[in-house]
Amino acid sequence: SGVATYLGIPSINSSFNEPVGWTLIGVGCFFFIVILCCCNRIRLAVAVCKCAGQFVGTVCTVVMVPIFQSILGFALWVGALFTMVYLVSSATFVVASSSDYFTSIQSYSDPELIRFYIFIFFSLWMNAFIGAMTIFIIASACCMWYYSHAPGNELSLPVWRSYKMTFRYHWGSLAFGSLLVA
């Protein structure tokens, strides 16, 4: 139904080509106007990307933070899964009838299952803590780098200092909380 052109591409004689073409030209013009109107925001985004590039170039160890935290999270979940399997398997199971192939848990208020429920909450809390710790470490190192440009300020190990601050403040708040309970 199409006629071959000199490039070997068949041409389609359709009444939809012209309206679709004008619509696409209109959409292109609309996006061009939007880009022109957002020029200041685009400049700001480019400046932020440039600053982020300088930060990563200066503090190269920040690239290792997500990798290390992912390994830590993976190790947490491997240990958690083994522990969860142990806790569930230590509950009391019963066979409903002699013809059943499967067992069921005798009581869902079994102490081992209560430990299992608590352990699930603890594992999810630790996973959220690892994610928050990653964000804090990167943000803290970035702040140290940004404010180290003043005369006399020298940047030294911002990622390591951020890790130290994470545990110092976290464990300090736990100690303070235990003082309030006592």
Side-chain angles (χ1 to χ4, degrees), residues 5-9 11-12 14 16-84 118-180:
T5 63
Y6 67 96
L7 294 175
I9 301 171
S11 65
I12 299 172
S14 173
F16 295 111
N17 286 346
E18 187 175 354
V20 169
W22 285 111
T23 304
L24 291 177
I25 289 172
V27 169
C29 291
F30 172 75
F31 281 122
F32 182 70
I33 292 170
V34 167
I35 287 172
L36 289 178
C37 291
C38 295
C39 198
N40 287 335
R41 290 182 186 247
I42 292 172
R43 279 193 211 125
L44 179 63
V46 168
V48 168
C49 289
K50 182 180 175 184
C51 187
Q54 289 173 351
F55 166 66
V56 172
T58 306
V59 185
C60 298
T61 54
V62 78
V63 176
M64 296 301 292
V65 172
I67 296 169
F68 177 72
Q69 294 296 105
S70 296
I71 292 170
L72 190 64
F74 181 74
L76 166 81
W77 281 108
V78 166
L81 289 175
F82 279 115
T83 306
M84 288 179 198
I118 293 170
F119 191 77
I120 286 176
F121 173 76
F122 175 71
S123 298
L124 292 172
W125 184 86
M126 282 302 295
N127 190 46
F129 176 74
I130 289 172
M133 190 168 82
T134 304
I135 293 168
F136 174 78
I137 289 167
I138 293 172
S140 173
C142 187
C143 287
M144 285 181 216
W145 170 80
Y146 185 78
Y147 289 108
S148 70
H149 296 308
N153 287 346
E154 188 174 315
L155 186 65
S156 65
L157 303 171
V159 173
W160 176 248
R161 288 173 49 199
S162 297
Y163 270 108
K164 280 182 15 182
M165 280 194 307
T166 299
F167 290 111
R168 182 179 65 200
Y169 291 138
H170 179 69
W171 297 121
S173 66
L174 288 177
F176 180 71
S178 64
L179 289 175
L180 290 177

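None of the values given here were measured: they were computed from a predicted structure.
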Centroid-centroid distance, Phe121 to Trp125, less than 6.0 Å: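 That pair fails the under 6.0 Å test.
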
Heavy-atom closest contact ([X] atom, [Y] atom, distance):
X      : Y      : result
Ser156 : Arg161 : O-CD, 3.3 Å
Ile130 : Gln69  : O-NE2, 3.3 Å
Ile138 : Phe55  : O-CZ, 4.3 Å
Pro158 : Ser162 : O-OG, 2.8 Å

What's the separation between atom [atom1] in [X] and atom [atom2] in [Y], rounded to the nearest 0.5 Å?
X      : Y      : atom1 : atom2 : result
Ile35  : Phe31  : CD1   : CZ    : 8.5 Å
Thr166 : Ile137 : OG1   : CD1   : 4.0 Å
Tyr147 : Cys142 : OH    : SG    : 9.5 Å
Phe119 : Met126 : CZ    : CE    : 10.0 Å
Phe122 : Leu76  : CZ    : CG    : 7.5 Å
Cys51  : Trp145 : SG    : CH2   : 4.0 Å

Candidate pair Thr134 and Phe68, rule side-chain contact (heavy atoms from CB on, under 4.5 Å), full reasoning: CA-CA 9 Å; Thr134 304; Phe68 177 72; over 6 Å; no

Audit row: Phe30, Ile33, side-chain contact (heavy atoms from CB on, under 4.5 Å) steps and yes/no: CA-CA 5 Å; Phe30 172 75; Ile33 292 170; 5.7 Å; no

Heavy atoms of other groups near Trp160 CH2, more than 12 under 6.0 Å: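 Counting other residues, nucleotides and ligands, CH2 of Trp160 stays at 12 neighbours or fewer.
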
Intermediate values then yes/no, side-chain contact (heavy atoms from CB on, under 4.5 Å), Leu72 and Met133: CA-CA 11 Å; Leu72 190 64; Met133 190 168 82; 4.0 Å; yes

